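Each remark here refers to the structure printed beneath this line.
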Amino acid sequence: MRLQQIADKLGLEKLTPVFDQDIDGVYISDMISDVIANAKPGNLLVTVQVHANAVAAANLVDVCAIVLAQGKRPSDDVLRMAEKAKITVLSTPLNRWQVASKLYEVGLR
Amino acid sequence: MREAPSPRYQLVDSVPGFVVVERAAPSNQSRCYFCAEATAPKEAYREGDQEWHFEEAAQSFQFSVRDNATGEVARFHELLGLLYYACLEPGSKLHRIGEVAHSVGISIYIAITYDSPDGTPCEVAPSKLEWLNRAFNDRIRTPGKKILILPDLFGIQEQVSSGQIMLDFSLTTMA
Amino acid sequence: MQLRHVVSVLTCEILSGDDLLDLDIACCFAADLMSDVLASAPNGALLVTGLASSQMVHTAEVADLAAIVLVAGKRPEVEALAFARQRKLPLLLTGLSMFEVCSLLSQHGLRGAVRKE
Amino acid sequence: MDRDSLYRESFPIKGDDFERGGEVATRVKGLLQQLGLPRDVIRRLSIANFEAEMNVVMYAREATLEVLVFPDLIRVQVVDRGPGIADIDWAMQEGHSTATEAMRARGFGAGLGLPNIQRNTDEFEVKSDVGVGTTLRYAVHTTSRPKEG
């Protein structure tokens, strides 16, 4: 499934331009070490972590996008960093649980 | 989900633990080490004329890299964390170098290491860094994108804060 | 959903609270940042987390949560386990990821937490 | 070279070998540490060496980085076989160092981190033949005499 489709279906707010690509699975964590160890390339990373290191880790493991749950918004510096690394940042007022349920409903595994 | 082809170099044997930061009195020297115990030790202890006190702990992990072609395994016990160049002060030397590399698709990360007992940073052998680079690059699927993990050629280790290194500090803050 | 149902859906190892499996779970909250749990988790929720330190159980106690599922095969700190047993706080382990836990439980009808304002 | 060096060592650099980018700078840093040089000297040389190495990795086919140790300075010579630099003055201008897209569009190969190499060294010289390659020579003065061994 494409990132743009997911963003539209879940009504996610785009904090950066969408760098559209195929999504391969979902990884939910707020822990940088977890993301480095376990997230897979092409994963959609769902988190409330808005620290610059979330972008640094996302870039390192080549996740396709970051979905910030609970309406979290990073600073403009962090958004610029993400955009530069071509990592899409999306935001939703839903919490992680709700995001997970919806992603599962639309068919992500 | 599509099955990715099995990469040659792989992160394996992930061991959870803590990065423990401790500080000595009276010298006020600080150092950090990895602790794979279930609980980070918080008791103060003496070493020579210094008394070391627990200062902070962050959840972290250590891992090995396996070469699936030969079965060889290298453990990265000296690696504390990675520092993304973009997390550094804009205009600093490394930030500028990182920007240049970024413009040709290379993401620079600096391997930040644990301290040896005398407080100086450990070093990651070049051959091991090559494995680390291959392990991360084998996972990349974005065409043209490359990860370059460098040792601290630039002497930045002493200038960076734990917040700039990819670690899970402040996870447990109950603010 | 009863806690025993959660255990079977996620094939959990029960570290604490094996006598509390009749407990009824109203809803679920997934988080690693404890400040987030305090701010947003409703009482009685099942906490799904990857944080293995004792702050995890302390936070669950303070926020009056029903039980904890530790994901991705992590083992809790010794102190965390002792605290959970002492306070009769069920502590479950699963090898599944946070996404798998959330999506499986929601498929089985468990609701997410409605955000506290 | 107008006088003999105390020690010299050559390090080959291969172009397009990203995962080993920085390896030569790392090995040279180890050598400089063994010589007991001041930390600032090591840092400045390491930055210059890394820049030079990355130039090769990004733009050239192959190169040799040679380190020459003198009592009062460390000299480095990087000879690459690559596209060369058509307009060295332009490549040396600050600001052009990061404009790689523009540089590539104008046919510049190396020259990417040249101003930074110059900034970090006490002597700096660049010679280039388009289509043949580029030779960088730079040196950092050591304030203290290198230790034996």
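All of these numbers come straight from a predicted model, not from anything done at the bench. Per chain, numbering begins at 1; letters A, B, ... match sequence-line order.
Atom OG of C:S106 sits about 10.5 Å away from atom CD of A:Q98, to the nearest 0.5 Å. Separation of atoms OG (C:S35) and CG (A:D30) is listed at 9.0 Å; rounding is to 0.5 Å. Note that the OG1 atom of C:T49 and the CE atom of A:M31 stand 7.5 Å from one another [nearest 0.5 Å]. From C:D32, atom CG reaches atom CD1 of A:I32 across 10.0 Å, with rounding to the nearest 0.5 Å. Annotation: the span from C:L105 atom CG to A:Y104 atom OH amounts to 11.0 Å, rounded to 0.5 Å.
A 6.0 Å sphere centred on CZ of A:R73 holds no more than 12 heavy atoms belonging to other residues, nucleotides or ligands. The 12-atom threshold is exceeded at NZ of A:K72, counting heavy atoms of other residues, nucleotides or ligands nearer than 6.0 Å.
Of all residues in residues 82-99 of chain C, those placing a non-hydrogen atom less than 4.5 angstrom from a non-hydrogen atom of chain A are C:M98, C:F99.
Contact between A:R96 and C:A31 at its shortest, heavy atoms only, is NH2-CB, 3.3 Å. Listed here is the closest heavy atom pair of C:S40 and A:Q70: OG-NE2, 3.6 Å.
Proximity to chain A is limited to the side chain of C:Q107, based on heavy atoms less than 4.5 angstrom apart.
A:D34 is listed as a side-chain neighbour of C:K74, based on a closest heavy-atom distance under 4.5 Å.
Residues in residues 17-27 of chain C take part in these salt bridge (charged side-chain N to carboxylate O under 4.0 Å, His left out) pairs, two or more places apart or across chains: C:R4-C:D22.
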